[in-house]
Every structure is written in structure tokens, then in C-alpha cells.
Amino acid sequence: MPFIPHTEADVTEMLAAIGASDIEALFEEIPVELRVRSLAGIPAGLNEQQVMQLMYARARMDGRPLNFIGAGAYEHHIPAAVWAIVSRGEFYSAYTPYQAEASQGTLQTIYEYQSMITALTGAEVANASVYDGATAVAEACLMAVRANRKSTAGRVLLPRTLNPHYRAVAQASTGGQGLKLEEIPYVRERGQTELEALAPYAGQDVTALVIQQPNFFGVLEDVDALTDWAHARGALVIATVNPTSLALLKPPGLWGQRGADIVVGDGQPLGCPLSSGGPYFGFMATRMEFVRQMPGRIVGRTVDLDGRPGFTLTLQAREQHIRRGKATSNICTNQGLLMIAGTIYLAMMGAEGLERVASACMARTSELVAALARLPGVRTAFSGTRFHEAVLLIDRPVAPVLEALAARGIEGGFDLAECYPELGPALLVCATEARSAADIATYAAALGEVLQSAPAARKQA
Amino acid sequence: MPFIPHTEADVTEMLAAIGASDIEALFEEIPVELRVRSLAGIPAGLNEQQVMQLMYARARMDGRPLNFIGAGAYEHHIPAAVWAIVSRGEFYSAYTPYQAEASQGTLQTIYEYQSMITALTGAEVANASVYDGATAVAEACLMAVRANRKSTAGRVLLPRTLNPHYRAVAQASTGGQGLKLEEIPYVRERGQTELEALAPYAGQDVTALVIQQPNFFGVLEDVDALTDWAHARGALVIATVNPTSLALLKPPGLWGQRGADIVVGDGQPLGCPLSSGGPYFGFMATRMEFVRQMPGRIVGRTVDLDGRPGFTLTLQAREQHIRRGKATSNICTNQGLLMIAGTIYLAMMGAEGLERVASACMARTSELVAALARLPGVRTAFSGTRFHEAVLLIDRPVAPVLEALAARGIEGGFDLAECYPELGPALLVCATEARSAADIATYAAALGEVLQSAPAARKQA
Amino acid sequence: MTLPMCEPLVYEFGRAGRGARGQWPAPESNPPAVPAALRRARRAPLPEVSELDVVRHYTRLSQLNFSIDTHFYPLGSCTMKYNPRACNAAALLPEFLGRHPLASARHSQGFLECMYELQEMLKEVTGMRGVALTPMAGAHGEFAGVAMIRAYHRARGDLARNEIIVPTAAHGTNPATATMCGCVAREVGVGPDGDVDLAALAAAVGPKTAGIMLTNPSTLGIFERRITEVARIVHAAGGLLYYDGANLNAILGKVRPGDMEFDVLHMNLHKTFSTPHGGGGPGAGAVGVGPRLLPFMPLPVVAKSGAGEAARYRWQGEQDLPQSIGRLTGFNGNAGVLLRAYVYMRMLGREGMSRVGEYATLNSNYLLARLQQAGFVAAYPQRRASHEFILTLKALAQQQGVTAMDVAKRLLDLGFHAPTTYFPLLVPECLLIEPTETESKETLDAFVAAMAQILREAATEPDTVRGAPHTMPVRRLDDVRAARELDLAYRPPAP
Amino acid sequence: MTLPMCEPLVYEFGRAGRGARGQWPAPESNPPAVPAALRRARRAPLPEVSELDVVRHYTRLSQLNFSIDTHFYPLGSCTMKYNPRACNAAALLPEFLGRHPLASARHSQGFLECMYELQEMLKEVTGMRGVALTPMAGAHGEFAGVAMIRAYHRARGDLARNEIIVPTAAHGTNPATATMCGCVAREVGVGPDGDVDLAALAAAVGPKTAGIMLTNPSTLGIFERRITEVARIVHAAGGLLYYDGANLNAILGKVRPGDMEFDVLHMNLHKTFSTPHGGGGPGAGAVGVGPRLLPFMPLPVVAKSGAGEAARYRWQGEQDLPQSIGRLTGFNGNAGVLLRAYVYMRMLGREGMSRVGEYATLNSNYLLARLQQAGFVAAYPQRRASHEFILTLKALAQQQGVTAMDVAKRLLDLGFHAPTTYFPLLVPECLLIEPTETESKETLDAFVAAMAQILREAATEPDTVRGAPHTMPVRRLDDVRAARELDLAYRPPAP
Ligand SMILES: Cc1ncc(COP(=O)(O)O)c(C=O)c1O
Ligand SMILES: Cc1ncc(COP(=O)(O)O)c(C=O)c1O
């Protein structure tokens, strides 16, 4: 029996100690008519060798394409040391650090994480992660409703330039509590959120405005103006940011006159492999005055009986295990291990290293855009400054183009057809520091080939 | 500067403390005319990301062929936990456990290793590894000369069925000390060492006889008869064995009337990946009476000042750092980490698991031989019982056949042309528990194809 | 078992200008410009440390932790069992690790086949009709489940149903989830035998009842025997039944939530299917649904078309499930966790599944029996323990002034992680103990010996217990000060 | 820094019939038969333990160790510096890990290209003409080197040369190697300044001189200034010069053995090029040769033909090097170690190489200066320290009865690994200290503080030092008993 250490002698002795005739007797309280008769649908067990062979074969099916997709998950160099440490049993197989004295390793790491996230975002306090960037936005909307005592409308404005998956998750996650999420359009030429589009809300009760920087198109928003607009109208500002970009961009804590109120984002770029979509971690930070409205775990530094410093979970009265139905959120298990990876990643990179990563991302993306937009039938959609993503307009439907690229071992980007039909055939591409000049040339050559070999379906304006 | 933590301020302060003007001044004792002018032949440094990309590309060049080569290194399942633990910094980045109190982890693991190796071989004491199986044979020959006080000839008999690389290493390693290594032929039909071939040595001073079980052809030798022959003539017996096979085969400690005197082998099959040839580890065990003649480190259990059990390096007076020119060997750094992998592997498998591995190896090899010998132009060379290797005779030169198989993603075996020309075109194949029935079928089909597509060069008897 | 001493903060190893430069890309010769108004003015105060400092610091920090790989961890309701390293190795294969979540179908079939088979296996062990994998923890699965219950009632025009009934022993996430979904949690009590008070339940249900959330075995460590009756009452009132599958390991292969007439459940794959807890996460809270809730599953769900060699897999979206409650994650959930659970299930296989429940229950009942012999008091002595059980130390607290917390802390000194304390709330001074099936009899015996020692110490030298732990890197921490004088982030001294 | 307590032997977790069955192949339905006479009669007494037991036991054991990843390790002559994790990651790529050493040329080009470039880089940094990678440790490289020296003399018919001159400060492997090669080691002394006594050397050389083995900087931590003179004397007498490159890191990019007229050297790649020591190994002791010894290199050596895209790599054998001393390893040496060294060298690059020597020397001289200020006595105060230096505690031993060993053990309590003690043998009560370039000034300062504390303790509470360590899993061990009452393997109690 894999993973079960019992010998026959053990079982006999244990049953004797219990006073039961056999193991079946231990299930005597389960009504007989409910008992499982068979699990025929489950295949027979495999030993480790067999399962690894199976998984090698499955992995081989998926190959290792050259990736130019971003759209919320970004391929970065991850120092080998990060996962060598994260995989240590003492981090990997520990539980939530409820027993503080036996969990100082995890607790201190979280405290360091909180320190780094606040340093990066310019916020005052951070929690020890929520599930991902999307749920972080959703939790921030709910939190804003609690924090903004002046607003009763439960109305949160979401720009259309916010990641469409984040918008969907916010919708699904806040509908039950009756929040009203409303969409703000963007300026077609620049791909930026339209300040004028906010005009209709001028006199109204708005609870919060979400601002994504850089936005889903990779374009930089005019965050100061948007922040000040919101604050002037009593709305809170929820910043959703890419953590890598914060090495170069103004931290949300300094947006506008007063700074964003809640800062969230997906921590994936900080040391988490793409890994088919997860596990990543959502980060969340805010002003000290709102700390009791923030969901999730928080670690504080304190002292022990001898006065020596130590770390412990604190402000637990916000959480479900204490507050139950009145908790700030139902979140319990979070993304702790990934947050540890993020902490080690940030310690390795420091501000200067992260700045270099961010610069390299911007530079590679410019080069990619230049190389692709040079091809006949391809042009850029927006004129604003971009970070590490860009929207390209193609002279034919994107899906078959991406398929042809995939056949050449290239994942060419994210097709915007479904989420932004108004753009016509449009492709969101991304290049980070993990892409070399050679990679970019490979992509450009392949795309050139693909566009040449199949005729354009219809011309776009 | 990668891996160098010094800031400019640090350097300034440190130079001041030293009283040196600059770092160059620290090299003032090196004559100027000897100073390096340039290292132009060394490429510029790469960061981790770049070097990993380079290594990914290099690795891709080598691919992942389906492997049927053995010949001294064997592909086995390695439990994922083995290297997860071995890679822990506390094992991976520790030094030789000279400071016993700060090295109990390594020391106890070695003690457990010594326990397991003696359990497997039937010997009384084991050392904490030599470099590999080949050098273990060489060290055993030198040790036999020291241990066999009755013999003065320095003559060691090596069967031709001993791994030819081991013979070469023994030759190169013992020539300086004037050992005479002499070759014993084998019986052509059975691939076994010929007892009659030993007859000429009957009246002579023979220091030791080496016996490899299973031998290089995968054939089982008549170890009892050979051992007794040697002991009857005052020669010591050096057993060189495959550790996996010991789960099924009589342990050398029980060979013949008195058992082998020195037992060596390559520990690679115990948890060491093929890894292009190393690092593996050589194991070495002997009778208690010979322990002081054994080279290499040995750990003993003892007690501390409080009487509590603990582990320490012992019998160091045999070693070079104490005995210098009179040491049993010059070995210092050994293969410690691999030995730890072997220990964890053996703990995972236990005797029953190892027995299953050995059985599976034998079974897969029979199936492989049956599948290949069925092809026209292929037949088995020897009739004896085999473990997990077999010699096949092919009706044409082997090298181009292997190349054609390699082009099909199959490493088909080891060409015996160079080492055993007397066999004619002959191929040593191997299948362990890591090869499935499907793998064997793939090989048989490919070999059939290859043999059909190119004509036989010449017929063999 | 003594742990090493404290470790400075990572910042304290830093000096201006130091850094792990081997990890940094080369500086751009011609860096693209960020408009001044959007640019960062001053570098963030992150640590400036060498690569060796980082490795050494976090390696040493890790050693300050207890973990399954180093200690017995009998944490009730948390299922701290062996996390097979193979699951990790498989999830870390470069093809899976490097795969972008939005990769083309061509580069996804291997991953999706695993996900599809995982869905199918989970359906089989739970007896449900559909499974969605995307929720990222148990509580997230609960949210999905209750949202589906609400969507179901709404789809029928039944808008008044906003009450979720939870037993008093329920995990905190249950009422919290109800609230998050815009419902009201309504508690019903349990009888002296630990089973739900049926009369109270019958009185509680009605036209406002959206559903009931139950764990079975409950967090009291016992099986709700009249579950069929409970189901009948709730269904008759028009409500649906939610199964909190955090404890599914207790009944794996023995009884299936679907057969107990539950309409929806979540499973803590990080408990039952042994993916590691990682010091707080990640988890995976897949949900399963019966026929009523099939149209409402969260997006996306893996679908298969064709068979054998021609089989093709894809994520289903809104077009396929127009009544779905929507999307709950940025991509497809904690894929790496799901892969680990998949590998674990394939290793267990059909036979292994029921052994999990059997041996978890054997260990639990054995430990309970031995601890009772040693003088501890079971909260429900008349009942069979499931995979976990509750001790109540009320007498000890009253007579010796030694609390459940003191016993828990003293266990740390003796080399054991503490059991869950003070949960469920309704049992005073309780320890909730779950040994799991992967621990050996010798380990359980050693734990009994430690508990017996503590009982002796409570009588003879109670201060030893009350002052515990004595051998950890820190002694008991001042939680009150932690909450009052909030110190939540290191602020570097101004330069 | 307290380490955890002792851990039982793995056997003690075992029970008959237990086992990590998930690791075992299925039993063969029709197992092939082994003839009765060759069959094993009784299973070997190996532990019978569960997978969790194995993981937990060895994880806990590992925590009993000091290591570079957890502690400063100023072990002179051993070069314990940071082992970059990238080197490990690259060597563990599945293609390299799964590659059989006898694989076809088709499946070898990537690996061989790395090996070829490694040979070339090592030639460049040493100034030698050829490099062979196969020796598996420093001592193994020494063997190859001295065997080549012998082969050279023999090839010239110069059969009488069987003396190898070694300075008294030489590492034990030097004389031991001479013996293994059938030579006689002949010691020459060093002068009061630590340099070789040239007069003694001139007297020692002659027609029996095969060669001299030198480390430079020597194990006294100083550079042999009159190396050109030494070379002239030995060469004039017909001998060859062997460079023990264990300390090559000290002069990397500053001076090359080839330029100092050495004929042959080995390099401890596991020191200079930072492959991990693994608690005792594996290492790699590549050898480099000048023009005289080129024909004698050990087999095999990687050769390149063609260039650019058409480049092809292969192992050269006997046909290519008919005068070779032969084969020293079963395959091609410690390939995985060589890959790690290759990656490390590529990361350092041209500029990084000389920085290694520079900063190792800076750290060493700084530490020496600070320790002298703290009251410690340098063995060669007149000399510049190289990458390491020697303190002599003779006065402390005489005056306070506190030995170098006591100081070493006390350092463990204070969280530092001990320096090398009692080597080289010619300096009484010595500590050989090598900080390496990867340690920060803060770490060195903390070490100085600890040393200063010990000096104070030696004066005020010498028993604290003499009884150290106090906080390790064990106190000082009875080495005499270990050697007298040999207990070298666990024997399970008879059943
Ligand atoms: C009974 C029960 N329900 C729900 C949960 C919540 O699961 P999670 O922590 O994965 O969100 C837990 C675990 O903490 C639990 O024990
Ligand atoms: C100076 C010197 N020479 C030779 C050696 C031997 O090297 P190895 O231990 O790799 O055999 C060492 C290392 O121990 C050394 O320090």
C-alpha cells in the first residue's frame, strides 16, 4: 500500500487496542445502504515509476513552444535558488503558521514579504496573499464597499482596459453582495481609459474606481488624473498593477494627490512559473486606516515572554475562523508558498535588478512590435507608451494565424476577438527579458511566412 | 559581480583595515613578470538566465533517446524523494565531516550506508566510498597486496569477463606499484570464466583473483568454485558485483567455503542517474581483519562526553592526511553525496523492493533477448544464465547498425568490436525495470527495419 | 527537539550597492523612456543582498519551521499527511511549468487530458455528475457551491431563498461563505451525541431556506448517522444540500456524498489528495455537482470529444455553459496543485482510495483508544471516531489550571506539532486530533507517550506545561501587543 | 545557534513487512530463475520503512549538519564558497541526467561541446597546453600528474627517477600520491619566511629526481616568491614541476602555473570552480599539461573537428594518444561535476575570473588584519596573506591551556564552522582560515567578534572553551573509543 506504513501485525495490535474485530467495524455507524459498492471508474494504482512515465508522455505532448503570450501571466527568468529553497520540506510541507513558536520561518518570511510589497506599492500594509490577481480585484471591490463609509451605492467603476478575466471574476464574486460594477470605455486611438467617459458619474455616489496600470493592452494610463478624479468625488481608488512594472512606474501610493487606497495585483511575475495558470498569488495592500477592512492573513512583529522579537499572525478577528459570518472574507487557505517564492525572488532582484528586468521587458517589447509591425498586414493599434505588451491589428482573422504559428512552435499572443470585438482582428503580444533578439526574429520570420502563405480574409480599415 | 557581495564602501574600509592602497597591492609578492596579461580565450560572463538558455540548447542537442545500453551504468527508476533530499543544502553544500559535532547528519548517514552495504554484500565493514566501480577494483588490487601477507608476487588475476574499462583502470592505477595483472580467458559457449584456465597458476604465488558477478556479458559466473580455487591457493578473492543483483544473488560474503575477502562495485544503480558517466560512487567492503588495509573514510559509532551516542570518522591513521606517504591510498575527496543518494535509495527499496527491481531487470532482459534474437541475422552469444545484460551476435558490423538505431532515437547497446574482437560483430544489450514491453517492441521493430534496409556485410559462423 | 535560534531580517544583510547581480539582466544600452509623470522617482526600499545571503537566510529561516517532512502534525481538520515527492516532480516537468495558461490547443492536450481525467475520477469518488476544478481553495469552492445554489433558486424564480443553515460545529468558512454570497447563515445545534438536532433542523427550514452546509463526518470527528433524514428534511423544504468536503478523506471509498443526496460539494484536494499546504497554501477546492446544479458550474470546465487516438480536449466557456455562475479565477485555477492531486490519485488507484479512509480511521480510533487509556477524555466517548476525534481538557483546566493551549505548546517541546485547539468552538478546552493514514503505529505510540508525560507534568510541575514551549526559537509570543502596536512591515532607517 | 537533537537510526523505524511500496516495481508473475547455487538464501537485513519515514528521517538528519547554505565555513585549503544553484539546475536537465555515458555521437554533441569548451577555458586560465577532465578528485588528478611525470621519464629511458620532492607543508595527498605511483616522497623544508629553502632544494635534487610537487600559494597561505628559481633548479636537475591546483582560486587571473613553468597540474574544480563538496564529494580533479607531457594525458580527452555549424566533438581514445598513461575512470569522470564547473566558469567569464582571486585575497587579508587587531598571532606576520592565512595559538595553549581544537569547537557554538585545525603540520596549534570571496564584510566582522569573544572566554572562563561545543546535537565525541571498540555497522537484533 503506497504511503501507508501499517504491517499486518500493526493492524492486529491496533484493532485489539480499539476493541474492534476488523477495520470494517470502524465504519459501522455509516448506514449500510449508503456504502460504496465499487469505484470501477478509477483506474488501478500506478507505482511512482509508472506514473512518472505517464506524466513524461503527457508533458511531451505539450512541448515547449516559444512563448509571446502575456495577458496576465508573464514568462520571466526565475533564479534557480528560488525553487530550490521553496521546495524545502520545511516550507513546502508546513501548515498555516497558527502555532507561531513552531512556524517562525514561515512567519518571518511573510513579514518580510509584507515589507517588500509595501515598499514596491507605496502602500502601508499588505496581507499575506489572496488567490490571484483576479480575486484580488474582486476582494478589493468588496473591501472598498466596507472601507468607504461615505458611499452607500456599492458602485464600482471598472475600465474596459482592465483585464477582461478580472472583470468577469469581479462580477461573479461580488454579485451576491449586490455590488454594481460599471464599465468605463477607452479612447480608441490611445487604448487609454477616457477621463471624459467618467463625466456622467460626476454627481453620483461612486464607491470606488479601479485603475489597471499598465492596462490590459500594455498601455500606460494617466493614473494621476484618474486618481484625483475619484478622490475628488469621494470614491476610493483600487490600483491593480503589474509588480515588475513598479520598478519603473510611480507606485500607486503616490498616484495623484493622495495615492491609491487599495493596491492589488497578481504576484506571478515575481518568481512563479507560468505553470499552466497557477498556482500564482494575489497581493493586496492598503492604508493603515483600512487594515481592519482588509481580508486575508497578516503577520505582525511582537516579542515573546523574554522580550525577544518574534512573529505571529495578528488581527485575526477579521478572519472567518474567529468572525465566521461577519468576517471580511471567507478566505482561509491562501497562496502562501508562492508568496514565499515571491519574497525570495524580490530579495534576489532588489530594486535595481527589478528595474533592469522591467527595462528589458520594455525594450524587448518595443523591438518585437517594431519587427512585427514591419510586416505587410500588421500594424499597431495604439499610440500610447507601453510596458511589455502591445496590441497589433492584423489584416485577417487572428485564430488561424495563431494556429499556423503554433504549428511552427510559436505561441504568438492572445486573440482579442472575443473580449474586444470592436478592435477587429487584434492580437495582444508580449516579450519579457526571457525573449532574445533571436526569438523575436524567429517570430517575425514565422509570422511573415504565415501571412504570406494564406491570403488575407478581408481588409481592415 | 556575480557571487561577490562587496560594495565599493566595503572595499574601501577593508583596504584601510589592511593598510593597502588597492586590491592590486595585495598581489605585490607575485613577481611582475609572471603576472597574467590577458585571458582573452575566456568568453565574457553570462548571467544566470543566459547560461541557462545556453544549457537548455546544449541539452536539447542530445535529446532523450530510448536507452538499451548498460555496460557498467544502468538506467533505473529513482524515487523523486531521493534527490529532493540529497539536494538539500545541508547535505549538498557541506564539507567532509571532520568537525563531527557539526556534521552528525552526514556521519550518521554514512554509518547507515556502511550498515546497508555490509548487509547487501555479506561483508563485515564498508568504507564511505571510492570514486567509482573501476577505481574500486584498482584499490582492491592494491589492498589485496597489503592484506595478503603470505603473497609476495603482487600478481592479481583478472578474468577477461571483467568489465574491460575496469581492467584498463586497474592496469593504469597499479602499474606504478609494480602489480602484475594477468588475464584469464572465458569459455566461448557460455561466456564464463574458465576454471581450467586457472590451472597453470596452481603452484604459483597468486595474490588475488578478481571475480565479477554478473560478469561483463551479463552472465553468472560459478563464483563458489572460483572462490574456493583461489582460497585453496592462498589467494584472496576480490568480488566485483552489481548491487542490484545482490538482491537475488548469493552475497560475496558467502561465496565458496569462506566468502570473498574484498567486495567492490559501482553504486550507480542505487539511485544515481546515468548523468553522462558520473558522479557515481564506488563501494568497498571487507572482513574486519582487513579493515586497516582498506582505503577511504570510515565512520564509527561512539559516545560523547555525556555518554550519548554519536558518530565520527575513525581509523584515520590509514588516511593520507595523517599517514601521508604511508597511507593506504591517496584518496581524500570521495563520492559522499552519491553515497547519501544510495543510502536513501536503499532505505526506500528495502530488500523486498530491490528484489523486485532485480527480478524485473532479469525478466525485461529475457524478453528483450527473445524479441531481438527472433530477428533474422541476430542470435545470442552465450548459453549461461544472465542477469540484465546479454551479448547478441549480429550478421554484420555493429557500428552502422547502432548508428541507424540512434537516428531512430534508440541507443541500441554497446558495440563489443573493440574490446572483444574474438566474438565477431557482437552487441551488449541491457533492459532494466525502466524499460517497458512497449519499449522492447519499439527496439525490435527498429532493429528489424535496420537489418532489412541494409544488407549483411558478411556472414558469421 | 530544539530548533535553531532567531535569524535577522533579510534587510539586515543588505548594503547599498550590494546585489545578486548574476540574476539581473544586463542594463539596456538604450532603455525605453517612461513619461516623467508616470515614472518612479526613487527606488523601492528592497533588500540589497548577495545571492549567498539570500540562500543562507531563507534556508535558515526554513529550519525554524515544523513541517510534515520533519514532524508528526496531528492537526485535526487539516489532514497533514505525507506529500509524495513524485507529485511535485511531475508538476515541475518543464513542459507543464513553462506552459502558458492561454497556450493553443496544440500545446495543451497533455495537460488537459490530465485535467479531464481528474474531473472524471473526482466524479467517481464523490458520486456527483459534474466537476469543475478552478476554485483555488476549500473556501473558494464553498463560494462556488453556494453561488450555484443561489443561481439555481434564481433560475427557478425562487428569489426569497437566502438562508444557509450551518451546524454550530461548522468550520468558519461556511458562515463566511454564506455572507459572501449574500446569504444569511443560520445555525442549528447538534444533540449530545454530536448528530444534528433534527427537530431544530425541521424548525429551521422553510421557504427562505436556500440550503444547508454539512461536513460528514462532521468537524466533531463523527459520522452524521441520520444523513438521509437530514437530506429529506432539507429537500422537502425546497433547499439544497452542500457537502463541505474538507474531510472527504475520512470516507473515501466508503460512502459518497452523491449517494447521500448532496447536491453540491467542494473537495480540499490539498487535504484528501495530499497536495502540500505550503505554509498556508496553495490549495485547490474543486467542486462537484449533482444533476440540479450541472448548468451552473463555474467556468471553465474541461470537455473531451472523440475517443482513443482521436480524443481532443478543450476548456469550455460561456458558450457551452450559458447559465454558469461565471469565472472565479484569472485563468484555470491552481493548475500545478491540480496536477499534483491527479498524480496522487493515479498512484492510489481504485484500491488505494478506500485504504485512505480505512487507515486514517484505524489510526484515529487507535490513538483515541490509547489516549483514553492514558487518562484523556473524549468529547464523544459513545461514538466511533472517524479520521479525527476530539479530546476535551475541561477537567484539566479546572483542576490543574492547565489549558488545551498549554498542552499544545508543551507538545512542541516534545517534538510534535500541536493538534487543532479550540475548534470546533462548541467543545470547551478541546483538542481536535487527526493522525492521518500515513503515520506509523510507532509514531502514534510516541505521541501517546508525550501526551501521558504532559498529563504527569500537569500534576507534578504544572509550570513546565504552562510556560511551554521552552525549546523553540521563541517562547510564547505577545499576541495582544502584536494587535495593539501594529508592526506589519520593516521600515528601513532613513539614510 | 542550537541544532536539533539526535535522530534514531533508520533501522529503528522499520518493521517486518513495512516498505515504501509505491517505489517498487510490480512483482513479476513469472520471475526468471536463478540457479540454486547462485541464489541468495535470505533477504539482506535492510531497513523496512515507509516513504514518509525515509523522507522525515533524512530531512531531520540533514538538519544536524553545518553547510555553506547555512553557515560561514572558513575552512582553509577547502574553499567553501557559495555553490550557485544554477550550476545544479543545469546539470540536472533531463537530457544530461538521462544520457548514458556510452551514448552515440548523435546524442552527445551538446554535452561534448560543454566538455570541450571546459578544457579550453581551463587551458587558458592555467597557461597549459592540454587538459584532461577525467580525474575524479584532486588526489586523483595528482595521481594522473605524477603518473605522467613517470611516463615521461620512462619514455626517455630515464628509469632511475623515482623521487618526488614535496615541501614539508604539503597536503597529505602529495606524498601519498608519490607512493601510489611507485615513487618515494622526499621532503624539503621551508625557511622562516615560509618560502621553500632553496639550498635544501638544490641539495635534494639530482639524477633520481622525478619532479617536485608544489602548491603556490602554498598551504601556508603565502605566495612562493622565488618560484622561477625553484623551477630553474628542478628543471636543471632533469625533474619536472607539478602544481597542486587545489588553491588555484588564489591566483585566478593573476598568474598562471604554465607561466611559472610548471609542467603539469591538477585543479580542484570543486574548490576553485565552486562545485559543491557534498559532505565529502564528489569532486573533479582535471589535469593540465605543458608541451612535455602532452602525449601522456589520461584517456579520454574531448577533441573537436570542423568549426561553426560543422563542428563535431568526440572522445579521443588509445588510437589518438598511444602514449597515454591510460584510463583512470570507468567512464569519463564525474561528468555532472564537470558540467557544474563549466556553468560556473561561463557565469564568471573573463572578468569574473580575476575577481575571484582578488576578492578572495581581499577577504583573507582583511580577516587577518582584524584578527591580529583582536589579539591573534599570525604564523607569517611579515608576509602578505593569499586567499588564506594561518594563525598560531601556541601562546594560548601554553598560557591558558586552550588549544586550537578548543577554539574550533567553541566556534561551532557561536554559529561558525571551525577553520582547518592542525594543518599544515609544521605550524603548532594552527588554524588555517580561508574566508573565500563570496562572504560579505558583515560576516567576516561577526566572525572576528566571535573569535574575540573566545579569546576573552579563554582568559575568564577557559572551561567554557575547553568543554565546547555545548549546543550541538552531541558534545565532544570519544574518538579513542571509536577506534578501539569498532562499531562500523548496525547489526539488527536476531529475530
Ligand atoms: C471543515 C473545513 N471546511 C473548509 C475549510 C476551508 O478550506 P480552505 O482552507 O482550503 O479554504 C477547511 C480547512 O481549513 C476545513 O477544515
Ligand atoms: C592543497 C590540497 N591538495 C590536494 C587536495 C586533495 O584534493 P581532493 O580532496 O579533491 O582529492 C586538497 C584538498 O583536500 C588540498 O587542499
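Letters A, B, ... are given to chains in the order of the sequence lines, protein chains preceding strands, and every chain is numbered from 1.
For D10(B), the parts sitting under 4.5 Å from any heavy atom of chain D are the backbone and the side chain alike. Contacts of V51(B) with chain D are made by side-chain atoms alone, with heavy-atom separations under 4.5 Å and no backbone atom involved. Neither the backbone nor the side chain of L254(B) comes within contact range of chain D; no heavy atom of the residue lies under 4.5 Å from a heavy atom of that chain. Looking at T106(B), the atoms closer than 4.5 Å to chain D (heavy atoms on both sides) sit in the backbone and in the side chain alike. Proximity to chain B is absent for every atom of K81(D), based on heavy atoms less than 4.5 angstrom apart. Both the backbone and the side chain of M347(D) come within less than 4.5 Å of a heavy atom of chain B. Within the 4.5 angstrom heavy-atom criterion, no atom of P298(D) approaches chain B. Proximity to chain B (any heavy atom under 4.5 Å) is shown, for E120(D), by neither the backbone nor the side chain. With a threshold of 4.5 angstrom between heavy atoms, M52(B) approaches chain D through side-chain atoms but not through N, CA, C or O. Both the backbone and the side chain of Q23(D) come within contact range of chain B, each with at least one heavy atom under 4.5 Å from a heavy atom of that chain. Proximity to chain B involves both the backbone and the side chain of H171(D), based on heavy atoms less than 4.5 angstrom apart. In this structure, chain D has a heavy atom under 4.5 Å from the side chain of V125(B), while its backbone stays farther away. Proximity to chain D involves both the backbone and the side chain of Y92(B), based on heavy atoms less than 4.5 angstrom apart. Residue F281(B): no heavy atom, backbone or side chain, is found under 4.5 Å from chain D. If you measure heavy-atom distances from S129(B) to chain D, you find no contacts under 4.5 Å at all.
Using a 3.5 Å distance cut-off with no hydrogens or angles, the side chains of N334(D) and Y131(B) do not pair a donor with an acceptor. S103(B) and N65(D) share no side-chain donor-acceptor pair at under 3.5 Å.
Among the candidates E95(D), R476(D), R475(D), the residue making the largest number of heavy-atom pairs closer than 4.5 Å to chain B is R475(D). Comparing A37(D), P32(D), A20(D) by how many heavy-atom pairs each has under 4.5 Å with chain B, the most go to P32(D).
Comment: R43(D) engages E355(B) in a salt bridge, judged by a side-chain N to carboxylate O separation of less than 4.0 angstrom.
For the residue pair L477(D) and G310(B), the shortest heavy atom distance occurs at CD2-CA, 3.7 Å.
Other residues, nucleotides and ligands place no more than 12 heavy atoms under 6.0 Å from the CD atom of E403(B).
The backbone N or O of T173(D) sits less than 3.5 Å from a side-chain atom of Q320(B), completing a donor-acceptor pair. Formation of a donor-acceptor pair under 3.5 Å by the R383(D) side chain with backbone atoms of F223(D) is found in this model. In this structure, Q104(B) contributes its side chain and A100(B) its backbone to a donor-acceptor pair below 3.5 Å.
Q99(B) CD to Y73(D) OH: the interatomic distance, rounded to the nearest 0.5 Å, is 8.5 Å. Here the straight-line distance linking atom NE2 of H277(D) with atom CG of L75(D) works out to 8.5 Å at 0.5 Å rounding.
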